[in-house]
Peer 1: 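Before anything else, here's the structure in question.
Every chain is numbered from 1 and lettered A, B, ... according to where its sequence line falls, protein lines coming before strand lines.
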Amino acid sequence: MHNINYIRENPIEFDNAMKVRGENPISTKILEIDKVKRETQTVLQTLLAERNNISKIIGKLKSNNEDAKEEMLKVDEIKNKINTLKELQQIKENELNSILNRLPNIPHQTVPNGKDENDNVLYREWGSRPNFDFKPKMHYEIGESLGLINFELASKLSGSRFVVLKKQISKLERSISNFMLDKHTEENGYTEYSVPFLVKKDSLFGTGQLPKFDEDLFTAGENHWLIPTAEVPLTNLVREEILNINQLPIRATSFTPCFRSEAGAAGKDTRGMLRQHQFTKVELVSIVEPQHSEEELERMLNCAESILKDLQIHYRVMTLCSGDMGFSANKTYDIEVWLPGENKYREISSCSNCTDFQARRMNSRYKTEDKNTYVHTLNGSGLAVGRTLIAILENYQMEDGNVEIPEILRKYFNNQKTLL
RNA sequence: GGAGAGAUGGCUGAGCGGUUGAAAGCACCGGUCUUGAAAACCGGCAAGGUGGCAACACCUUCCAGAGUUCGAAUCUCUGUCUCUCCGCCA
């Protein structure tokens with residue numbers, strides 16, 4: 001949600017920011033509505049003050065047993081005007097909100113301008129592509145030939161874009177999530193949370209999934225939605241809170257399933273478990289003071305990267321361009337892991353600074369000496385577990401179809417060196 | 001699912017339809033005292049908005065939404081949530 005004051009004072013900058021995010025210039029319209037709204041409000045408030053005054057007089061007259069007929073007639077007159085103006089003001093406010101609710105965050109000045117993922121810029125990379133003496137297989141070929149990944153069974157149960165894992169691969173998934181949580185809580189300073197996987201509308205509005213992206217979400221019953229990421233419950237922990245300054249920074253992590261309808265991705269990545277309706281993820285969320293959010297984004301990125309470094313898997317980090325960023329983001333880094341089977345880099349984490357954009361929607365503030373200030377919120381995958389599983393299978397595969405277990409995970413496997 | 005109780009400022013908690021934006025306490029901030037701290041005492045302390053260069057004035061907000069009234073934290077209706085008891089159950 002945008003600060004209307006900022007738009008009033010910087011309409012051109014605002015329109016430029018929207019433009020690089022693929023929106024039409026709209027500040028003129030916003031300010032027009034805003035102007036009518038405020039003018040109405042000013043008149044309305046004068047009338048309300050008048051009404052309050054007369055009512056007070058009536059109160060006094062009545063308590064003295066005096067006649068108040070004249071005053072009551074006056075109020076009656078004012079009341080009609082008040083009702084009309086109230087209605088108008090409400091209409092204008094709703095108009096304004098329905099526009100503001102759907103506009104994305106302003107990009108940070110260091111965000112490259114661009115249209116889509118082709119305009120993203122390499123930020124840094126780590127490691128190098130592994131060499132294989134044989135043709136590396138795709139993760140699903142590995143998993144299916146071992147009989148440990150099964151898509152037919154999943155489709156029988158739930159349809160397309162689901163998967164059933166079994167035995168060692170199932171255990172591998174579990175060990176990955178344990179490793180990530182251990183790392184983030186023991187070394188990276190995050191606090192582990194277990195949170196609901198079903199949330200209500202307000203929470204999804206707070207983080208920016210609603211009202212614009214409802215078709216990407218699954219609903220459950222009348223009033224609940226399945227979370228598309230733990231960012232939603234974790235960030236909303238501070239919704240409608242006024243935090244004490246000494247509570248900041250908050251660094252929270254959680255392991256949850258994520259549910260996405262993948263409405264716009266028909267036909268994309270249909271093979272394998274790269275793009276599923278349900279996957280698990282360890283999420284990182286930071287709530288910080290505004291002046292610290294830029295460095296916190298770098299810190300969060302490092303925390304996410306530390307997982308792949310420990311797993312010894314090659315990756316690169318991309319700075320997303322303005323057109324490829326998510327709705328709430330001011331700046332986003334994607335970590336793309338190398339998948340030898342696919343012979344491609346694929347997104348495995350996305351770390352975003354949402355500045356005060358979500359905080360305004362959530363009304364999350366902290367107390368400083370003389371006023372309350374919106375916090376800054378950040379979120380990042382640390383990492384997507386399903387895709388980490390894919391990365392391990394493809395990077396650690398052996399010619400005989402077996403898979404080596406990354407050293408850091410062996411403690412979860414009784415020091416076993418390979419999957420079989 | 002059945003029966004009852006409740007929702008008030010950062011927290012706890014008062015509140016006859018009209019000087020209640022809201023008592024009191026805690027927390028927090030400033031001061032006095034003290035070598036320093038604690039204690040004690042004094043003072044300050046809700047949020048959002050509109051107008052104004054500003055001082056400041058005004059409006060709105062006591063879970064949410066409708067309603068009654070000249071006037072609602074206080075009365076009525078609906079919804080949401082919380083708690084207690086009973087039943088059922090992971």
Side-chain angles (χ1 to χ4, degrees), chain A residues 1-9 30-98 100-101 194-206 210-211 219-225 233 236-248 250 257 287 289 356-375:
Chain A
M1 184 78 107
H2 292 285
N3 182 357
I4 185 80
N5 278 321
Y6 175 82
I7 305 176
R8 279 181 204 146
E9 283 157 27
I30 290 174
L31 294 179
E32 230 173 71
I33 299 170
D34 179 53
K35 190 170 166 236
V36 177
K37 192 210 99 182
R38 282 154 77 203
E39 284 169 355
T40 311
Q41 192 169 347
T42 307
V43 180
L44 174 64
Q45 288 185 355
T46 317
L47 290 175
L48 285 171
E50 212 172 311
R51 185 203 63 187
N52 290 346
N53 280 330
I54 300 178
S55 286
K56 264 180 204 162
I57 293 170
I58 293 175
K60 270 182 200 154
L61 289 175
K62 289 217 164 171
S63 66
N64 292 336
N65 274 323
E66 290 179 55
D67 178 66
K69 259 194 190 138
E70 206 176 304
E71 281 73 15
M72 297 192 30
L73 280 174
K74 255 196 239 171
V75 172
D76 235 29
E77 226 176 279
I78 296 175
K79 253 174 118 178
N80 283 327
K81 286 190 205 162
I82 287 178
N83 286 336
T84 320
L85 288 175
K86 244 188 198 161
E87 227 170 278
L88 179 62
Q89 200 235 20
Q90 193 60 53
I91 289 169
K92 289 295 155 189
E93 198 166 326
N94 291 345
E95 268 180 52
L96 196 60
N97 283 337
S98 70
L100 291 177
N101 286 344
S194 294
V195 291
F197 309 149
L198 296 176
V199 293
K200 52 186 187 181
K201 227 178 176 159
D202 299 5
S203 298
L204 289 158
F205 179 84
L210 290 180
T219 57
E222 294 282 292
N223 300 311
H224 290 102
W225 308 66
N236 275 281
L237 289 173
V238 300
R239 191 175 82 228
E240 283 152 51
E241 297 283 340
I242 300 177
L243 302 164
N244 205 304
I245 190 162
N246 58 30
Q247 290 175 265
L248 300 177
I250 293 171
I287 314 290
E289 294 180 66
D356 62 0
F357 187 82
Q358 294 178 324
R360 284 177 188 283
R361 295 177 149 248
M362 297 190 298
N363 206 15
S364 303
R365 294 154 297 169
Y366 73 104
K367 227 174 184 47
T368 48
E369 319 80 56
D370 55 339
K371 59 177 196 243
N372 297 327
T373 312
Y374 289 111
V375 295

Peer 1: Between A27(B) atom P and N246(A) atom CG, what is the distance in whole Å?
Peer 2: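 So the CG-P distance, N246(A) to A27(B), works out to 15 Å.
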Peer 1: Starting from the 5' end of RNA chain B, give me the residue, K60(A) or R51(A), whose nearest nucleotide shows up first.
Peer 2: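 With K60(A) and R51(A) compared, the 5'-side residue is K60(A).
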Peer 1: Between L96(A) (CG) and G48(B) (P), how many Å, whole number?
Peer 2: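 To the nearest whole Å, that distance equals 18 Å.
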Peer 1: In whole angstrom, give me the gap between the C1' atoms of U74(B) and U20(B).
Peer 2: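 Going atom to atom, C1' in each nucleotide, I get 11 Å.
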Peer 1: To the nearest angstrom, how far is D202(A) atom CG from G79(B) atom P?
Peer 2: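 It works out to 18 Å between those atoms.
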Peer 1: Need the pair for G43(B). Rule: Watson-Crick or G-U wobble, both distances under 3.5 Å, any strand; none if unpaired.
Peer 2: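 Here G43(B) is engaged in a pair, and the nucleotide opposite it is C29(B).
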Peer 1: Write down the partner of A57(B) under the Watson-Crick or G-U wobble criteria, each distance required to be under 3.5 Å.
Peer 2: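 Its partner is U50(B).
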Peer 1: Under a 3.5 Å cut-off for both contacts, is U35(B) paired Watson-Crick or G-U wobble with anything, and if yes, with which nucleotide?
Peer 2: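 Checking every strand shown, U35(B) finds no partner, since no pair has both distances under 3.5 Å.
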Peer 1: I'd like the P distance from C77(B) over to U68(B), given in whole Å.
Peer 2: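 These two P atoms come out 15 Å apart once rounded.
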Peer 1: Which nucleotide in the list U50(B), A47(B), C58(B) gets nearest to the side chain of N372(A)?
Peer 2: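 For the N372(A) side chain, the nearest candidate turns out to be A47(B).
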Peer 1: Hey, is E95(A) close enough to K92(A) for a salt bridge, meaning N to O under 4.0 Å?
Peer 2: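 Result for this pair is yes, salt bridge flagged.
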Peer 1: Under 3.5 Å, is there a donor on one side chain and an acceptor on the other for E87(A) and N83(A)?
Peer 2: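 No donor-acceptor contact under 3.5 Å links the two side chains.
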Peer 1: If you check every side-chain atom of K79(A), which of C58(B), G71(B), A47(B) has the closest atom?
Peer 2: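 Selected nucleotide: G71(B).
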Peer 1: Any side-chain heavy-atom pair from K81(A) and E50(A) closer than 4.5 angstrom?
Peer 2: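 Heavy-atom side-chain distance check fails, nothing below 4.5 Å.
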Peer 1: Under 3.5 Å for both donor-acceptor distances, Watson-Crick or wobble: does U12(B) have a partner, and if so which one?
Peer 2: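 U12(B) is paired, partner A24(B).
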Peer 1: Using the P atom as the reference point in each nucleotide, state the distance between A38(B) and U32(B) in Å, no decimals.
Peer 2: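 Rounded to whole Å, the distance is 14 Å.
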Peer 1: Could you check which of G48(B), C70(B), C58(B) has an atom nearest any side-chain atom of R365(A)?
Peer 2: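 For the R365(A) side chain, the nearest candidate turns out to be G48(B).
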Peer 1: Now, which nucleotide makes the Watson-Crick or G-U wobble pair with G65(B), with each of the two distances under 3.5 Å?
Peer 2: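 Base partner found: C77(B).
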Peer 1: Can you tell me the distance, in whole Å, between the CE atom of M72(A) and the P atom of G18(B)?
Peer 2: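 About 16 Å, once rounded to whole Å.
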Peer 1: Using the P atom as the point on both nucleotides, what is the distance between G10(B) and A47(B), in whole Å?
Peer 2: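 It comes out at 8 Å once rounded to the nearest Å.
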Peer 1: Any idea which of U50(B), A47(B), C59(B) is nearest the L48(A) side chain?
Peer 2: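 Closest nucleotide among those given: C59(B).
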Peer 1: With rounding to the closest Å, how many angstrom separate the P atoms on G43(B) and U61(B)?
Peer 2: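 It works out to 32 Å between them.
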Peer 1: Does the side chain of L237(A) come within less than 4.5 Å of I250(A)'s, by heavy atoms?
Peer 2: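 The answer is no; the side chains never approach within 4.5 Å.
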Peer 1: Categorize I58(A) for me: base, sugar-phosphate, or nothing, with a 4.0 angstrom heavy-atom threshold over every strand shown.
Peer 2: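 Contact class for I58(A): base.
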Peer 1: If we take the P atom in both C41(B) and U60(B), what is their distance in whole Å?
Peer 2: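 Here C41(B) and U60(B) have their P atoms 39 Å from each other.
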Peer 1: On the side chain of Q45(A), is there an atom forming a donor-acceptor pair with the base of G51(B) - under 3.5 Å, no angle test?
Peer 2: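 Such a pair does not exist between side chain and base.
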Peer 1: Between R38(A) and D34(A), is there a side-chain heavy-atom distance shorter than 4.5 Å?
Peer 2: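 SC-SC contact between D34(A) and R38(A) confirmed.
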Peer 1: Roughly how far apart, to the nearest Å, are C28(B) and C81(B) at atom P?
Peer 2: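 That atom pair is separated by 35 Å.
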Peer 1: Can a side chain N or O of N244(A) be found less than 4.0 Å away from OP1 or OP2 on G10(B)?
Peer 2: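 So the side-chain polar atoms of N244(A) never come under 4.0 Å of the phosphate oxygens OP1 or OP2 of G10(B).
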Peer 1: Taking the same atom, C1', in A46(B) and in A73(B), what whole-Å distance lies between them?
Peer 2: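 It comes out at 15 Å once rounded to the nearest Å.
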Peer 1: Tell me what R360(A) touches on the nucleic acid: a base, only sugar-phosphate, or nothing, going by heavy atoms under 4.0 Å.
Peer 2: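 Nothing, no heavy atom under 4.0 Å.
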Peer 1: In this structure, how many angstroms lie between the C1' atom of U60(B) and the CD atom of E50(A), rounded?
Peer 2: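 Going from E50(A) (CD) to U60(B) (C1'), I get 18 Å.
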Peer 1: Once you apply a heavy-atom cut-off of 4.0 Å, does N52(A) come out as touching a base, just sugar-phosphate, or nothing?
Peer 2: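 The answer is sugar-phosphate, as N52(A) gets under 4.0 Å only of primed atoms, P, OP1 or OP2.
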Peer 1: Could you tell me how far apart K62(A) (NZ) and G71(B) (C1') are, to the nearest whole angstrom?
Peer 2: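 Distance check: K62(A) NZ to G71(B) C1' gives 10 Å.
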Peer 1: In the structure I gave you, are the side-chain heavy atoms of R51(A) and V75(A) within less than 4.5 Å of one another anywhere?
Peer 2: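 Yes, their side chains come closer than 4.5 Å.
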Peer 1: Among the nucleotides G71(B), G10(B), G48(B), which one has an atom lying closest to any side-chain atom of I242(A)?
Peer 2: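 So the side chain of I242(A) is nearest to G10(B).
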Peer 1: Considering every strand and a 4.0 Å limit on heavy-atom distances, what is the contact class for Q41(A): base, sugar-phosphate, or nothing?
Peer 2: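 Sugar-phosphate only.
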Peer 1: Report yes if some heavy atom in the side chain of W225(A) is under 4.5 Å from a heavy atom in the side chain of L210(A); otherwise report no.
Peer 2: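 Of all side-chain heavy-atom pairs linking L210(A) with W225(A), at least one is under 4.5 Å.
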Peer 1: Scan every strand shown for a Watson-Crick or G-U wobble partner of G71(B), both distances under 3.5 Å, and answer none if you come up empty.
Peer 2: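 In the structure as shown, G71(B) has no Watson-Crick or wobble partner.
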Peer 1: Whole angstroms only, please: what is the NZ-P distance between K201(A) and C81(B)?
Peer 2: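 After rounding, the gap between these two atoms is 15 Å.
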Peer 1: Which residue lies toward the 5' end of RNA chain B, G59(A) or I54(A), if each is placed at its nearest nucleotide?
Peer 2: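 So the residue in question is G59(A).
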Peer 1: L85(A) has an atom CG; how far is it from atom P of C59(B), in whole Å?
Peer 2: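 Rounded to the whole Å, the gap is 16 Å.
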Peer 1: Any non-hydrogen side-chain atom of M362(A) less than 4.5 Å from a side-chain atom of F205(A)?
Peer 2: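 SC-SC contact between M362(A) and F205(A) ruled out.
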Peer 1: In the strands shown, is C83(B) matched to any nucleotide by a Watson-Crick or G-U wobble pair with both distances under 3.5 Å, and which?
Peer 2: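 Here C83(B) is engaged in a pair, and the nucleotide opposite it is G4(B).
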